[in-house]
**Student:** 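Next up is a structure, given as structure tokens.
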Amino acid sequence: MKELQESINFIEHIIEEDLANGFPKEKLRFRFPPEPNGYLHIGHAASICLNFGLGEKYNAPVNLRFDDTNPAKEEQEYVDAIKNDIAWLGFKWANECYASDYFQQLYDWAVDLIKVGKAYVDQQSSEEIASQKGTPTSPGTDSPFRNRPIGESLDLFERMKNGEFPAGSYVLRAKVDMSSPNMHMRDPILYRVIHAHHHRTGGDWCVYPMYDWAHGESDYIEQVSHSLCTLEFKAHRELYDWYLDQIWDPKLLRPKQREFARRNLSYTVMSKRKLLELVQKNIVASWDDPRMPTISGLRRRGYTPTSIRKFSDLAGIAKRDNVTDVSLLEFCIREDLNKTATRVMAVLNPVKLVITNYPEGQSETLHLENNPEEPNSGTHEVPFSRELYIEREDFKEDGGKNFFRLSLGNEVRLKSAYIIKGESVVKDDAGKIQEIHCTYDPDSRSGSGTAASERKVKGTLHWVSIPHAIKAEVREYDRLFLDEAPDAHEDKSFLEFVNPDSLNVIKEAYLEPYLSHATLADKFQFQRLGYFTLDPDSKDGQLVFNKTVGLRDTWAKQSTKTPTQNQTKSKPTNQQQGQRKALNEIQQIGKKLTNLSGDKLETAIKSIKEFSQEVTYEELEPLFNTAAKKVGTRIAVMLALGVLLEKGQDKTQVVIDFIEAGKADGNDILRTEAEKLI
RNA sequence: UGACCGAUGGUGUAACUGGCAACACGUCUGAUUUUGGUUCAGAAGAGUCUAGGUUCGAGCCCUAGUCGGUCAACCA
């Protein structure tokens, strides 16, 4: 019996291999190392879920370590936000660490490096240092201070630390290799002078370690076994290892860095710098604007921790560049909310509905299921009366066959209430519908058990009772960018693709009164519309709801014959195909040829012949060498050759040889086609 | 014109030391449904960037290309 084994990613493969090679499981340890200079986004969630997920899987500790080595950019506000986000996602860190906790140790090690001649103080300008660095294709040159006496470097470094020099005046550099093909090895800077207030160490330090120096050594201090980071740090690995070599005690664990691809999401950007720009330019209101791909933005939008973790899980971890479709994220939140959200009714674009045979002044209390997916979720009360609001889109005077909603002369059910029939409309001078008049079947009340209540009608509408309804603001969101990968255009700024209609505010929506008790923690499904949650902007009596995501809507998809998403998506593909050369088409079709038969085979052969009209002999000839086993391609080439011969191509020896080879082949189709060309 | 990564349906990932290319999203049918939701049943869609090679057998191995990414901050 085959066990259905859950597939593991390449990082887990590495860990499994280490374990298999004798690495003790109890020494596994991970870390999530954010720099507190911005808010976490859905891309970070991939890293968080990877590291903490590994911790859960192997029962290993995971540290939260703030990489706070640059006081100019980092703030306590970000530390707090990051901790909040990770905790919200449901992860627990073993230790809350800071690179700044290790400043003294790092400094001491740096002094040791100087003492053994592996570091020196340089006093050139950053421009000079940069120009000496060379380029990826040409080696660098040594700094004139590279061989400064050890004692002098020691003295200068101490004075740097003591604040005797202005920022930018001196740096401490590692003495590695100025001609290394790896730019990071060309005497990288270990320390620079910065006079700025640090969020934790205040004014204690005037020198701050660079990333490479701080990061690997922090991993070592914390005895992190697997230090996982994104691909752009791949080139840093050599330096990471070199630094470790200088201080590593073989009795202790030696961390190892491995890299994975960062996660991108379609129709948004995923870099802190760009997200910050959106905030600063007021394109969005804040870091937690519900349109932002930040964890805080998604939270405010109504996403749940479960949905984000599920997304990270489904999206996976690998090493190639990627743009994950937002539809996967949307699937994850719908899946979660479908199981958990309380069903309520709300009308966003109202039109008045009058039930003419329902007694004026009367009202009654009906019961609405809280969640049909959850049998024990109970019901809540919803008032019903003679005058209701329904969605304007839910009525058409003459709906036609495929319109399942209310129209004149037709019956629909009002959700959890009665079956009604459209009778007439009242319009204003402009022809806009003011009221819809209908009659109801008093015996059809939902749940009454009568035959009338169990009648089948085409559609069911949501509604709210006008005299009982409460008003609220509802904010609907669309993708922030109109382009699938807004920051992938070399010639254009991502800002050019901002969607001007990403926010739609409905000032007056009508909700059933049950929603007056909504809290920020509640998740609702506005029936037939989508999932909604309360926004923190809400005040007493002034509720504001955010639309998290709409329900799947196959009807809208059918009726709007221009599904924008798919069209924009398929366009480039079509263009590419349109531009693809005829020869490539032939090869492509040819590959499958041997798997086809009957009509499909005929069609394939026909289209190969069509494409052959656009192929020159010069293009085709190289394919005569196609390996014998690639029969499909050879058949395709044979077919194309046939077309060229018909057009007057000479039968050279090369051609004859190819045909003869075809005649001798074991494949029937190839033989037949070859014989036709004798 | 260097070094290092990467390339599998529209998208994201699988395929343990070579053995019928799998899963999810998305798309399309049909059934069920007091949400045009959910659920259920099914379908289409790639022969694994190209060309050679090794092998009984290659997405996995070898060779040569092509395309994409990363690397020259006193950022991380």
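On a predicted model such as this, the values are computed, not experimentally measured, just so you know. Heavy-atom basis, side chains included; hydrogens, waters and symmetry copies ignored. Each chain gets a letter, A, B and so on, in the order the sequences are listed, and its residues count up from 1.
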**Student:** Between the base of B:rG36 and the side chain of A:Arg405, is there a donor-acceptor distance below 3.5 Å?
**Tutor:** yes

**Student:** Whether the side chain of A:Glu369 and the base of B:rU34 hold a donor-acceptor pair under 3.5 Å is what I'd like checked.
**Tutor:** no

**Student:** With heavy atoms under 4.0 Å as the rule, sort A:Gly447 into base, sugar-phosphate or nothing.
**Tutor:** base

**Student:** Would you tabulate the side-chain donor-acceptor contacts of residues 457-464 of chain A under 3.5 Å, counting partners in other chains and residues two or more places apart, or write 'none'?
**Tutor:**
residue, atom, partner, partner atom, Å
A:His462, ND1, A:Gln527, O, 3.4
A:His462, ND1, A:Arg528, NE, 3.3
A:His462, NE2, A:Ala346, O, 3.3
A:His462, NE2, A:Glu391, OE2, 3.0
A:Trp463, NE1, A:Lys415, O, 2.8

**Student:** Quick one: the side chain of A:Arg413 and the base of B:rU35, do they pair up donor-acceptor inside 3.5 Å?
**Tutor:** no

**Student:** Taking atom types as they are modelled, would you say the side chain of A:Arg334 forms a donor-acceptor pair with the base of B:rU38 within the 3.5 Å cutoff?
**Tutor:** no

**Student:** Under 5.5 Å between ring centres and under 30° between planes: true for A:Trp555 and the base of B:rG36?
**Tutor:** yes

**Student:** Looking only at the side chain of A:Lys234 (C-beta and beyond, no hydrogens), which of the listed nucleotides B:rG37, B:rC5, B:rA24 gets closest?
**Tutor:** B:rC5

**Student:** What is the nucleic acid contact for A:Lys456, judged by heavy atoms within less than 4.0 Å: base, sugar-phosphate only, or nothing?
**Tutor:** sugar-phosphate

**Student:** For a quick check, tell me whether the side chain of A:Ser416 and the base of B:rU34 share a donor-acceptor pair closer than 3.5 Å.
**Tutor:** no

**Student:** Decide yes or no, distance alone: a donor-acceptor N/O pair under 3.5 angstrom between the base of B:rA3 and the side-chain of A:His184.
**Tutor:** no

**Student:** Taking the C1' atom in each of B:rA24 and B:rG19, what is the distance between them to the nearest angstrom?
**Tutor:** 25 Å

